[in-house]
Amino acid sequence: MPVLDRIQGFADDLTAIRRDLHAHPEVGFEEVRTSGIVADKLASWGIEVHRGLGTTGVVGTLKGKGAGTKRIGIRADMDALPMEENTNLAWRSTIPNRFHGCGHDGHTTILLGTARYLAETRNFDGTVHFIFQPAEEGLGGARAMIKDGLFTQFPCDEIYGLHNAPDMNHGEIGIFPGPNLAAADFFDIVIRGYGAHGAQPNRSKDPVIVAMALGQAIQSIVSRNADPLKSAVLSITQLHSGSAYNVIPNEARLCGTTRTFDNDMRLLIRERMKTLAAGIATAFDCEITVEIRDGFSVLVNQEEHSKAVEEVARTIVGDANVQTGIRPIMGSEDFADMLHAVPGAYFWLGQEGSVPLHNPGYYFDDKALPIGSSMFARIIETRLPLAHG
């Protein structure tokens, strides 16, 4: 695979950076050490650095050799997950309940590798904004950066991002236009009943019974209300209630997520959840409140920019390793909000290892670092070509 020689030449440096970030993970909006390392690295390579967008976000700005006015953004996420790591790696997390279980340490390092290469070569005509985003894991880091003026302070004509893919082979690139990742809502349902002794259930309004009834009822939304030709997922992922064997509690709580690619379907699910909750509250003579939060937008790749990524990938990893037939998945990614503001594309970078993302045993394949950096660098050189003559 023709990874750019210059990037391959400092691949060991990238591995060292990635493993250091992995050993010191920070969750969303707490990426103080990580953003400090990013800012210091960018500055050391002569890149203009801006800090503080979206709390801990960093933007590096670099101009090429030419006088072109086109501007391209490249984005990486920096945050870790609030979970324990279960590996025996020498560089495993040193912080309890903090783990780069999604590979954002790899994404950050890939973009740093791209920045170093472009700062050394400047073989492009225009401006590149290196966007290091906090809080991708459900906390709205992209929206926070946009709200703080990301695209007004650093205008972009197009933007690109990537994600590692342990379900693909090392050296493969996946890219396709249209919807790629689903919109996601998060819900909290609180059921307030009336507690009593477990031996006297007749004196209670049992919220546990109500929670079980409501849980079953809202599962009927996808199976009986949703258009079967449109994808939708509704998952209850938490159920909290009670503290003793012989006490019927006052309150129960259901939490979870819904995923869709269709806005009408998204609205249908929201309304049916509220309607069912209201009906069951009446039936069981209790109080039920439903809070539904907009977590992620649908991530949509533009045709032009997807094709540009595909063409670059063929030069980096070869035709046989470019996958264009992959289909949308129900996972979500807040880079979607940046793609709603600026046209662009998001692609998948295959890596060795079969342990899935967000699993305690997940690990990032460092051999993917120079491939990712080469992809981003070649996208810039292709989309911002220097004039020759």
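- Of all heavy-atom pairs between Ala115 and Leu42, the closest is CB-CD2, 3.7 Å.
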**Message:** Evaluate Leu386 against Glu381 for side-chain contact (heavy atoms from CB on, under 4.5 Å), listing each step before the verdict.
**Reply:** CA-CA 8 Å; Leu386 279 170; Glu381 292 176 342; over 6 Å; no
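- One finds the NZ atom of Lys274 at 11.0 Å from the CD1 atom of Ile189 (value rounded to the nearest 0.5 Å).
- Between the side chains of Thr61 and Glu48, no donor N or O sits under 3.5 Å from an acceptor N or O.
- The residues Arg293 and Asp185 are annotated as not salt-bridged, no charged nitrogen and carboxylate oxygen being separated by less than 4.0 angstrom.
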Identify all side-chain donor-acceptor contacts of residues 191-200 below 3.5 Å with residues at least two apart in sequence or on another chain.
residue, atom, partner, partner atom, Å
Arg192, NH1, Thr289, OG1, 3.4
His197, ND1, Ala199, N, 2.9

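- Judged purely by atom type and a 3.5 angstrom limit, Ser44 uses its side chain to pair as donor or acceptor with the backbone of Lys41.
- Judged by distance alone, the side chain of Arg378 and the main-chain N or O of Ser373 form no donor-acceptor pair under 3.5 Å.
- Asn359 and Pro356 get closest at one heavy-atom pair: CB-O, 3.2 Å.
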Side-chain polar contacts of residues 222-235 - donor-acceptor pairs under 3.5 angstrom, sequence neighbours left out - could you list them?
residue, atom, partner, partner atom, Å
Ser223, OG, Ser220, O, 3.4
Asn225, OD1, Arg272, NE, 3.2
Asp227, OD1, Leu229, N, 2.9

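- Smallest separation of non-hydrogen atoms from Val58 and Ser35: CG2-CB, 3.6 Å.
- For the pair Gln219 (side chain) and Leu214 (backbone), a donor-acceptor distance under 3.5 Å is absent.
- The shortest distance between side-chain heavy atoms of Ile269 and Thr260 falls below 4.5 Å.
- Sorted pairs that involve residues 123-135 and meet salt bridge (charged side-chain N to carboxylate O under 4.0 Å, His left out), not counting sequence neighbours, are lacking altogether.
- Note: the hydrophobic cluster containing Phe284 also contains Leu239 (ILVMFWY, side chain heavy atoms under 4.5 Å, direct or indirect links).
- Ser374 places a side-chain N or O within donor-acceptor distance of the main-chain N or O of Leu4, the cut-off being under 3.5 Å.
- A salt bridge between Arg75 and Asp77 is present, with a side-chain N of the basic residue lying under 4.0 Å from a carboxylate O of the acidic one.
- Between Glu172 and Asn169, the side chains place a donor N or O and an acceptor N or O closer than 3.5 Å (distance only, hydrogens not considered).
- Judged as a salt bridge (Lys or Arg N to Asp or Glu O under 4.0 Å), and not counting sequence neighbours, Arg51 has no contacts.
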**Message:** salt bridge (Lys or Arg N to Asp or Glu O under 4.0 Å), that's the test. Do Glu26 and Arg98 meet it? Break it down for me.
**Reply:** CA-CA 7 Å; Glu26 297 170 305; Arg98 298 289 186 268; over 6 Å; no
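- Between the side chains of Asp79 and Gln133, no donor-acceptor pair is found at a separation under 3.5 Å.
- Judged by distance alone, with hydrogens and angles left aside, the side-chain atoms of Gln153 form a donor-acceptor pair with the main-chain N or O of Asp148 at under 3.5 Å.
- Judged by distance alone, the side chain of Glu120 and the main-chain N or O of Leu118 form no donor-acceptor pair under 3.5 Å.
- Here ring-ring contact (aromatic ring centres under 6.0 Å, His included) pairs that include residues 319-347, with residues two or more places apart or in two chains, are Phe335-Tyr346, Tyr346-Trp348, Phe347-Phe376.
- The side chain to side chain donor-acceptor pair (under 3.5 Å) test with Arg18 is passed by exactly one of Thr109, Asp366, Thr108: Asp366.
- Ala184 approaches Thr257 most closely through the heavy-atom pair CB-OG1, 4.3 Å.
- Taking every heavy atom of both residues into account, Cys156 and Val342 meet most closely at O-CG1, 3.6 Å.
- Remark: the backbone N or O of Arg71 is paired with a side-chain donor or acceptor of Asp157 at under 3.5 angstrom.
- Judged by distance alone, with hydrogens and angles left aside, the side-chain atoms of Asp285 form no donor-acceptor pair with the main-chain N or O of Ala281 at under 3.5 Å.
- If you run side chain to side chain donor-acceptor pair (under 3.5 Å) between Glu85 and each of Arg92, His100, His22, only His22 comes through.
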**Request:** Could you go through the side-chain contact (heavy atoms from CB on, under 4.5 Å) check for Ile316 and Ile173 one step at a time?
**Result:** CA-CA 9 Å; Ile316 299 295; Ile173 299 294; over 6 Å; no
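- Evaluation of the side-chain contact (heavy atoms from CB on, under 4.5 Å) rule for Ala244 yields Asn246, Val247 as partners, not counting sequence neighbours.
- Annotation: side chain of Glu136 is not in contact with side chain of Met78 (no heavy-atom distance under 4.5 Å).
- Atom CG of residue Asp337 and atom CG of residue Asp294 lie 7.5 Å apart, to the nearest 0.5 angstrom.
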**Asked** Given the rule in the salt bridge (Lys or Arg N to Asp or Glu O under 4.0 Å) test, do Asp188 and Arg253 qualify, once you have shown the distances and angles that lead to the verdict?
**Response** CA-CA 7 Å; Asp188 291 273; Arg253 187 167 172 239; 2.6 Å; yes
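- Between the side chains of Thr114 and Arg116, no donor-acceptor pair is found at a separation under 3.5 Å.
- Ser306 and Asn301 get closest at one heavy-atom pair: OG-CB, 3.2 Å.
- In this structure a side-chain-to-backbone donor-acceptor pair under 3.5 Å is missing from Thr382 to Ile379.
- Side-chain contact check for Ser332 and Arg259: at least one donor-acceptor pair (N or O, by modelled atom type) lies under 3.5 Å.
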**Message:** Using the rule given for salt bridge (Lys or Arg N to Asp or Glu O under 4.0 Å), can you reason through Glu311 versus Arg383, listing the C-alpha separation, both sets of side-chain angles and the distance that settles it, and then say yes or no?
**Reply:** CA-CA 11 Å; Glu311 291 172 355; Arg383 300 295 287 176; over 6 Å; no
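- No donor-acceptor pair closer than 3.5 Å links the side chain of Glu291 to the backbone N or O of Phe187.
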